[in-house]
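Since the model is a prediction, treat every value here as computed from it, not as a measurement.
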Amino acid sequence: MHLKRFLPVIIVSFFFGCASAPVQTQSATSDVAQSSAEAQPEQELTLDSSNPFAHDNTLPYQAPEYDKIRTEHFVPALKFAMAEQKKEIDAIANQTEAPTFENTLVAMQKTGQRFMRVAYVFDNMTNAYTNDELKKAEEEMAPLFSAHNDEIYLNDKLFARIDALYNDRANLGLDSESMRLLELTHEDFLRAGAKLSAADKEKIKQMNAEISSISTKFGQNILSEMNSSAVLVDTREELAGLSDAEIAAAADAAKARGNEGKYLIVLRNTSVQPILASLENRALRERVHKASLQRGMRGNEADNRDLVARVLKLKAERAKMLGYSSHAAYKVEDQCAKTVDAVNAMLGSMVDAARASLEREAAELQAVIDAQKGGFKLEAWDWPYYAEQLRKQKYAIDENQLKPYFELNTVIEKGVFYAAGKLYGLKFVERKDLPVYDPDVRVWEVFDEDGTAVGLFYGDYYARDNKRGGAWMSEYVQQSKLLGTKPVILNQLNVTKPASGPTLLTTDEVTTLFHEFGHALHGLLSNVTYPEFSGTNVPRDFVEFPSQFNEVWAFWPEVLDNYAIHYETGEKIPAELVQKLKDSEKFNQGYATVEYLGAAMLDQAWYQFDLEHLPVITRDGFEALEHQLLAGVKLDIPTTPPRYRTTYFNHIFANSYDAGYYAYIWSEVLDADAVQWFKEHGLSRETGQKLRDNVLSRGNSVDPMTQYKSFADREPSSDYLLIRRGLKSE
């Protein structure tokens with residue numbers, strides 16, 4: 001996934017293009033949020049000279065100064081930087097000169113540079129390397145970020161200047177990128193509530209602060225529940241089916257939590273845990289699966305049900321105040337989809353075919369169970385295990401047979417980087433002189449084929465107890481010709497670190513590695529003037545296109561041949577294994593599609609309620625209501641839970657994919673179409689350059705669909721996606 005979770009104010013909206021509307025990040029109660037967001041008396045803030053954020057960054061590319069930054073530096077630096085940006089914004093809003101594009105829009109783009117610098121590092125640390133002090137800082141800052149955002153977007157004088165320029169835009173002689181900046185900025189202010197009454201603006205501010213606080217708390221609860229729901233296992237025998245390396249990692253995890261001699265199965269944030277594909281012990285599979293599904297609804301301090309109820313009400317109420325029928329209608333309006341009807345039609349069109357495929361797959365798995373005289377009906381915790389068995393039977397392929405060819409470092413340097421070189425001419429040189437927050441984090445300097453510096457790329461690939469689940473891309477510095485900055489980009493994964501020896505990846509982890517690097521390329525290859533348009537600052541339903549498309553290179557013959565090397569023998573992956581991989585591409589796609597659609601349509605179901613029809617949500621009735629919503633779209637299927645249940649759906653309650661999880665499949669239409677284009681034209685510098693010139697370098701400076709059509713010279717077709725997933729014949 002692409003991470004644009006909280007990044008405040010100007011960073012979220014001015015620098016995040018289509019992010020529009022006040023940014024959300026979290027709170028436990030409305031009273032706390034309201035009191036935190038109340039107007040504070042003006043006071044001159046200072047920043048102690050011992051704080052590294054008080055000084056200019058002297059590292060190459062403004063890389064984070066992790067050798068100097070400590071937890072206690074963040075809150076004072078953020079408060080100082082927000083006050084500094086407020087002065088900059090006030091100076092623009094209150095100037096006596098008539099508004100011009102330069103003294104208003106360009107000036108706004110230049111504000112908040114210290115704020116951006118601190119906030120990006122803070123966001124990374126709270127997601128990837130948190131601690132109790134950072135959690136407290138996150139809770140303290142969330143409503144302040146929201147209030148700061150509102151001070152800008154609900155500033156009457158500032159909007160009057162923007163509105164005047166917008167109304168006279170035909171006479172300003174702006175180039176296309178500048179015109180787009182003016183039009184989208186004007187739209188963002190309107191969507192934030194710039195034309196509301198003073199009383200309604202104050203109410204919006206209070207709501208935004210509380211939503212922001214709830215989001216923060218929700219995300220922290222997810223991490224807490226992932227850790228506390230880990231499954232403790234008494235004996236090694238119960239772990240039959242796992243590799244020696246996986247068992248050793250489980251032993252180390254148990255020891256780290258004071259359970260030496262036992263084994264700990266650490267959960268990931270999806271509903272279905274990857275480890276279920278290997279565990280032979282059915283009772284343990286059931287334990288793991290049920291522990292996974294109950295996260296966030298166990299009646300403890302990390303229970304998220306009350307937070308869900310409150311945030312849904314707040315967002316529905318805010319949408320009504322802003323003139324929208326629902327929060328989903330509000331969120332989708334400035335995306336490629338434009339309307340909830342378009343989203344519903346696209347998702348709904350896939351349900352019947354996906355269910356039919358799922359039923360065929362379930363029958364095949366039940367046949368395997370019956371043939372083995374299992375004597376039980378297929379359950380959700382059985383599906384991954386028997387699907388893996390069936391895959392072995394059908395294609396004689398086994399993940400453990402493949403893993404030795406997918407060693408992490410080799411996949412990165414001879415796979416991910418190799419493809420980027422072949423397509424875009426990029427070269428990567430590891431930098432071990434730059435400070436990092438954890439010894440496992442790696443840094444590469446990126447160069448173009450002519451030797452020109454492109455930027456920096458950070459990779460943080462291993463799971464930790466203080467790191468949230470999933471995989472994502474973020475940045476420390478965004479590319480901008482206006483600011484003279486080059487990109488500093490970060491990829492995060494959650495691969496289990498082996499107790500010793502090489503890190504061997506599953507095919508899913510290899511795919512994820514390529515996926516996240518697709519986001520990284522979108523950031524690294526950006527070539528725009530205004531930071532608001534940089535890299536991945538595009539609509540949610542377009543942002544996943546470059547990342548999902550980049551997955552194709554993981555198993556593209558030329559790329560695979562270069563990196564799939566046995567870590568012990570040095571031999572390349574055998575041709576027959578490659579063919580088996582290819583033959584198995586459509587295997588289990590009904591299941592994969594249904595679990596995705598379940599999550600995407602659950603997201604839409606919650607957020608398409610208008611305020612008047614929002615159901616009463618209680619802890620006792622929560623699960624029944626969730627099942628009811630899924631049943632309403634024909635996806636309440638016991639064997640196939642949604643990829644994320646509501647109470648640990650980080651994307652839509654602690655991230656900015658609310659009413660936007662559909663974006664993955666929407667973008668996959670473009671992805672599948674682009675893959676077909678490359679099959680027709682081949683992998684080369686010429687074809688890669690066409691994608692780079694028309695999409696990857698453009699950010700949001702050009703309408704995204706215009707970008708795609710300029711690249712492909714055609715309208716995208718959904719046929720290739722349906723064929724890929726086995727839902728339509730070729």
Taking atom [atom1] of [X] as the centre, does the number of heavy atoms from other residues, nucleotides or ligands within less than 6.0 Å exceed 12?
X	atom1	result
Lys392	NZ	yes
Lys582	NZ	no
Glu260	CD	no

For the atom pair [atom1] ([X]) and [atom2] ([Y]), what is the distance rounded to the nearest 0.5 Å?
X	Y	atom1	atom2	answer
Lys586	Ser357	NZ	OG	11.0 Å
Glu407	Glu568	CD	CD	11.5 Å
Leu560	Lys572	CG	NZ	10.0 Å
Asn221	Arg305	CG	CZ	12.0 Å
Lys255	Leu264	NZ	CG	14.5 Å
Thr593	Glu668	OG1	CD	8.0 Å

Would you say [X]'s side chain and [Y]'s backbone share a donor-acceptor pair under 3.5 angstrom?
X	Y	answer
Glu516	Leu493	no
Gln604	Asn344	no
Asn491	Met473	no
Thr503	Asn409	no
Asn494	Arg468	yes
Thr536	His522	no
Lys467	Tyr462	yes
Arg287	Leu232	yes
Gln273	Arg268	yes
Ser224	Gln220	no

If you measure only the distance, is there a donor-acceptor pair under 3.5 Å linking the side chains of [X] and [Y]?
X	Y	result
Glu509	Thr512	no
Tyr648	Ser271	yes
Gln676	Glu680	yes
Gln579	Asp583	yes
Glu571	His566	no
Glu399	Thr507	yes

Side chains of [X] and [Y], heavy atoms from C-beta outward: is any pair under 4.5 Å?
X	Y	value
Arg724	Val675	yes
Asn281	Val233	no
Glu238	Tyr263	no
Val368	Glu364	no
Glu225	Asn304	no
Thr647	Arg295	no
Val308	Phe649	no
Leu721	Ile665	yes

Practice problem: Kindly indicate, with the supporting measurements, whether the criterion salt bridge (Lys or Arg N to Asp or Glu O under 4.0 Å) is fulfilled by Asp252 and Lys497. | Solution: CA-CA 10 Å; Asp252 284 351; Lys497 187 177 180 180; over 6 Å; no
Quiz item: Shortest non-hydrogen contact from Pro642 to Ala599?
Solution: CB-N, 3.6 Å
Self-check item: Closest heavy-atom pair and its distance - Leu630, Gly598
Solution: CD2-O, 3.6 Å
Quiz prompt | Phe549/Trp677 aromatic ring centres below 6.0 Å | solution = no
Quiz item: Taking the six-membered ring where the residue is Trp, are the ring centres of Phe417 and Phe517 under 6.0 Å apart?
Solution: yes
So [X] and [Y], would you call those rings parallel, tilted or perpendicular, with 30° and 60° as cut-offs?
X	Y	value
Tyr563	Phe406	tilted
His651	Tyr657	perpendicular
Tyr607	Phe653	tilted

Practice problem: Verify side-chain contact (heavy atoms from CB on, under 4.5 Å) between Leu426 and Leu521, making sure each step is shown before the conclusion. | Solution: CA-CA 10 Å; Leu426 299 180; Leu521 287 168; 3.6 Å; yes
Got a salt bridge between [X] and [Y], using NZ or NE/NH1/NH2 to carboxylate O under 4.0 Å?
X	Y	result
Asp244	Arg236	yes
Arg285	Glu379	no
Arg355	Glu359	yes

Exercise. Run the numbers on Gln589 and Leu727 for side-chain contact (heavy atoms from CB on, under 4.5 Å), then give the verdict.
Key: CA-CA 8 Å; Gln589 280 300 303; Leu727 305 180; 5.9 Å; no
Quiz item: Taking only residues at least two apart or on different chains, which pairs with a member in residues 381-402 satisfy ring pair (Phe, Tyr, Trp, His ring centres under 6.0 Å)?
Solution: Trp383-Tyr591, Tyr395-Phe587
Exercise. Take Arg464 and Asp440 through the salt bridge (Lys or Arg N to Asp or Glu O under 4.0 Å) test and state the conclusion after the steps.
Key: CA-CA 11 Å; Arg464 293 182 294 270; Asp440 287 329; 5.7 Å; no
